[in-house]
Amino acid sequence: MFLQRSSRAVRSQWCRPQGLSRVLAHGSQGAFSVSRHGFHTSRALQVVKPVLLADIGEGIVECEIIQWFVEPEARVEEFSPLCEVQSDKASVEITSRFAGVVKKLHYDAGDMAKVGKPFVDIDIQGDAKKEDLEALTAPEPSQGQGGSGEALNKESLSKPPEGKTTETVKAEEKAPVGQQSDKPKKSTGRFASLATPAVRHLSKEFDVDITEIEGTGKDGRVLKEDIHRYVESRKSSAAASTPTQPPVDTATQTETPVQLTNIQAQMFKAMTRSLTIPHFLYTDEIDFSQMHSLRTRLNKVLKSSPQDDISKLSYMPFIIKAVSLALYQYPILNARVEIDANTQKPSLVHRSQHNIGIAMDTPSGLLVPVIKNVASRNILSIASELTRLQTAATAGKLSPQDLSGGTITVSNIGNIGGTYLSPVIVEKEVAILGVGRIRTVPAFDEEDRVVKKQACNFSWSADHRVVDGATMARAAEVVKQIVEEPDVMVMHMR
Ligand code: COA
């Protein structure tokens, strides 16, 4: 399949470069001095700070720069978005820890950026107080130590020409002599304009490249209206150009290479890795009739008196709980395979919590957020967490925490269609359950009369290196019994 952990979670970037150089501007006198250790008398300052790409978790050492939201000389405020990066697990928006002016982008979009290395230089300007500056700077490495700190130090030192203050240099760089203007510089082209996450989400919904849009907001910020205007103009230019388009030539075969989208590229990598696992597929039909009537009864109750903001239950909380109950008897399905890096010797790592990943179809693609510690939750609590994750996923607001730590996955494709699945196991897991469409089928009752039955197929994939067929079948049988007789769950509730 499919299973790609990804998100557009927003993280604040706070990195302390080792050995930060400081250039102090002496206000109107226009003199400069460089201080390595102290902040002396001046209050106005310029500090070009190489910002390090923060650790985004789960041992990720590099990630792809998907897009920049800034360009050199763009003014950024604290928490302004800088760029979006994509790791194997998540797409993450990096925001600035500092207000200042962007001086250098260390990577182009599409490049792989190293975690812990500088990815952007920001000139932190203004009336910073001594305490603030000290809070922003890390202790400098001692001379002769070498290492990245020194390299950064050299790279980041930016000293305006003598006699000019930081502000005058900035103004001159912005506009040619005689054409200085207070108007914000348009930030279009290769670098995306400044835009809020909501605006970028809207741009994704309309499949619009935000870098193509001229922002009319502050500092060239792209606004929602800009996106709507762009979409309208795109529609009309498409309509206008249609009659002049040449007809598609079907007489000869034409092959057009198309780049993978970021999500596809990540799926490509993750699924290629997952397919190194020998998959064992096991599928069975489950009678959902009792589950159907239990859910109908509970939903009547919830409709009249919602609990924990839940006024309706889907089938998922019951299925998720049934999987967790089966894991008590078959903990191997909650384990992961570990291969010793030195000896290559495989082992199993058992995990105490049942953290169940849920494959979700969202506007930005397939995401797999995780419901943590299902064993300690009741049906309402699972439903509530599922709703929270669904809402966050739809809004592009899942955090890396929401997307990490899964121990087994459930993928319910049945609300879209399909009876059988061949689900692909997620890395660091050994099993996944695929749920097909619940459908009404004819069946015989105990008196051999034809009756209506709700049937659904459960398709399991397990890592055949560590899970044998009989174990998978027995565990699947436990889940089947619980789902077919859901009242039994009451006995196991904690
Ligand atoms: N068969 C038939 N109907 C189903 C169903 C199934 N297997 N699963 C859900 N439905 C129904 C629900 O009952 C609900 O209908 P109702 O309100 O009339 O009862 C409707 O479909 C919508 O349910 P949904 O809002 O999707 O909630 P959910 O809790 O059942 O599912 C998700 C939540 C996140 C799993 C689901 O929305 C989703 O994204 N599924 C796709 C996952 C995916 O893409 N997997 C494939 C990976 S390759």
Side-chain angles (χ1 to χ4, degrees), residues 1-7 263-264 266-268 270-271 274-275 279 281 283-289 291-300 302-303 306 309-323 356-371 374 377 379-398 402-403 406 408-426 429 431-441 452-461 479-480 483-484 486:
M1 60 171 205
F2 44 88
L3 295 174
Q4 163 67 30
R5 295 184 192 276
S6 169
S7 86
I263 292 283
Q264 283 171 326
Q266 296 307 321
M267 279 203 296
F268 187 93
M271 289 301 102
S274 283
L275 284 175
H279 281 56
L281 180 67
T283 182
D284 197 9
E285 185 175 280
I286 315 287
D287 184 348
F288 258 66
S289 305
M291 174 70 80
H292 178 74
S293 68
L294 172 67
R295 176 178 172 249
T296 308
R297 275 185 281 128
L298 290 177
N299 278 345
K300 265 190 201 152
L302 287 173
K303 196 174 175 189
D309 287 340
I310 301 290
S311 56
K312 189 175 177 186
L313 294 167
S314 70
Y315 293 105
M316 279 299 271
F318 299 97
I319 297 170
I320 292 164
K321 190 69 190 178
V323 169
I356 303 189
I358 310 297
M360 279 187 191
D361 175 42
T362 77
S364 53
L366 179 69
L367 308 176
V368 191
V370 177
I371 301 182
V374 170
R377 294 176 184 270
I379 296 290
L380 278 175
S381 161
I382 296 170
S384 167
E385 182 63 355
L386 181 61
T387 306
R388 182 188 74 78
L389 293 171
Q390 265 182 291
T391 310
T394 307
K397 288 189 174 158
L398 286 171
D402 289 333
L403 289 151
I408 187 169
T409 297
V410 175
S411 173
N412 176 12
I413 195 80
N415 63 335
I416 302 170
T419 306
Y420 310 98
L421 284 79
S422 174
V424 177
I425 299 163
V426 176
E429 297 180 11
I432 177 169
L433 167 61
V435 179
R437 177 179 280 284
I438 301 164
R439 59 214 190 279
T440 307
V441 295
K452 277 187 184 175
K453 186 174 93 167
Q454 304 293 315
C456 178
N457 281 77
F458 278 11
S459 305
W460 293 86
S461 288
V479 174
K480 175 182 165 115
V483 174
E484 291 195 336

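Atoms within a ligand are numbered from 1 in the order they appear, just like the ligands themselves. A quick note: this is a predicted structure, and the numbers were derived from the prediction, not measured.
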- [ ] Take every heavy atom of Cys456, measure it against each atom of ligand 1, and state whether any distance is under 4.0 Å.
- [x] no
TODO: Check whether any side-chain heavy atom of Val368 sits under 4.5 Å from a side-chain heavy atom of Met360, and report yes or no.
DONE: no
TODO: Give the atoms of ligand 1, by number and element, whose distance to some non-hydrogen atom of Met316 is under 4.0 Å.
DONE: 28 (P), 29 (O), 30 (O), 31 (O), 35 (C)
Open item on the list: List ligand 1 atoms under 4.0 Å from Ser411, heavy atoms only on the residue side.
Closed with: 45 (N), 46 (C), 47 (C)
Open item on the list: Is it true that Arg439 and Asn457 share a donor-acceptor pair across their side chains at a distance under 3.5 Å?
Closed with: yes
TODO: Taking only heavy atoms of Asn412 into account, list the atoms of ligand 1 that are under 4.0 Å away from them.
DONE: 5 (C), 6 (C), 7 (N), 8 (N), 9 (C), 30 (O), 40 (N), 41 (C), 42 (C)
TODO: Check each of His292, Gln454, Lys453 against Thr440 using the side chain to side chain donor-acceptor pair (under 3.5 Å) test, and report the only one that passes.
DONE: Gln454
- [ ] Looking only at non-hydrogen atoms, find the nearest pair between Arg377 and Ile371 and report the distance.
- [x] NE-CG2, 3.8 Å
TODO: Could you walk me through whether Asp402 and Arg388 pass salt bridge (charged side-chain N to carboxylate O under 4.0 Å, His left out), step by step?
DONE: CA-CA 10 Å; Asp402 289 333; Arg388 182 188 74 78; 2.8 Å; yes
- [ ] Any atoms of ligand 1 less than 4.0 Å from a non-hydrogen atom of Leu366? List them with their elements.
- [x] 44 (O), 47 (C)
- [ ] Find out whether Phe458 and Thr283 are in side-chain contact, i.e. whether some heavy atom of one side chain is under 4.5 Å from a heavy atom of the other.
- [x] no
Open item on the list: Less than 4.5 Å apart, side chain to side chain, heavy atoms only: is that true for Ser411 and Leu433?
Closed with: no
Open item on the list: Please report whether ligand 1 has a polar contact with Asp361, defined as an N or O pair separated by less than 3.5 Å (distance criterion only).
Closed with: yes
- [ ] Enumerate the atoms of ligand 1 whose separation from the nearest heavy atom of Lys312 is less than 4.0 angstrom.
- [x] 16 (P), 17 (O), 18 (O), 19 (O)
- [ ] For Ile413, counting its heavy atoms only, list the atoms of ligand 1 lying under 4.0 Å from any of them.
- [x] 43 (C), 44 (O), 45 (N), 46 (C)
Open item on the list: Which option wins on minimum heavy-atom distance to atom 35 (C) of ligand 1: Ala359, Gly436, Pro369, Ala393?
Closed with: Ala359
- [ ] Could you say whether the N/O atoms of Asn415 and ligand 1 ever approach to under 3.5 Å?
- [x] yes
TODO: State, with a plain yes or no, whether a side-chain heavy atom of Ser274 is found less than 4.5 Å away from one of Val426.
DONE: no
Task: Nearest option to atom 6 (C) of ligand 1, as decided by whichever heavy atom of Ala383, Gly418, Gly417, Gly414 sits closest - done: Gly414
- [ ] List every atom of ligand 1 that sits less than 4.0 Å from any heavy atom of Leu386, numbering the atoms from 1 in the order shown and giving each element.
- [x] 29 (O)
Task: Within-shell test, Arg439 vs ligand 1, heavy atom, strictly < 4.0 Å - done: no
TODO: With heavy atoms under 4.0 Å as the rule, classify the contact between His292 and ligand 1 as side chain, backbone, both or neither.
DONE: neither
- [ ] Just jot down the ligand 1 atoms closer than 4.0 angstrom to any heavy atom of Met360, in number order.
- [x] 34 (C), 39 (O)
Task: For Ile358, the option from Ile320, Ile319, Leu367 that meets side chain to side chain contact (heavy atoms under 4.5 Å, CB included) - done: Ile320
- [ ] Could you tell me whether Arg295 sits above the aromatic face of Phe318, with NZ or CZ closer than 6.0 angstrom to the six-membered ring centre and within 45 degrees of the axis?
- [x] no
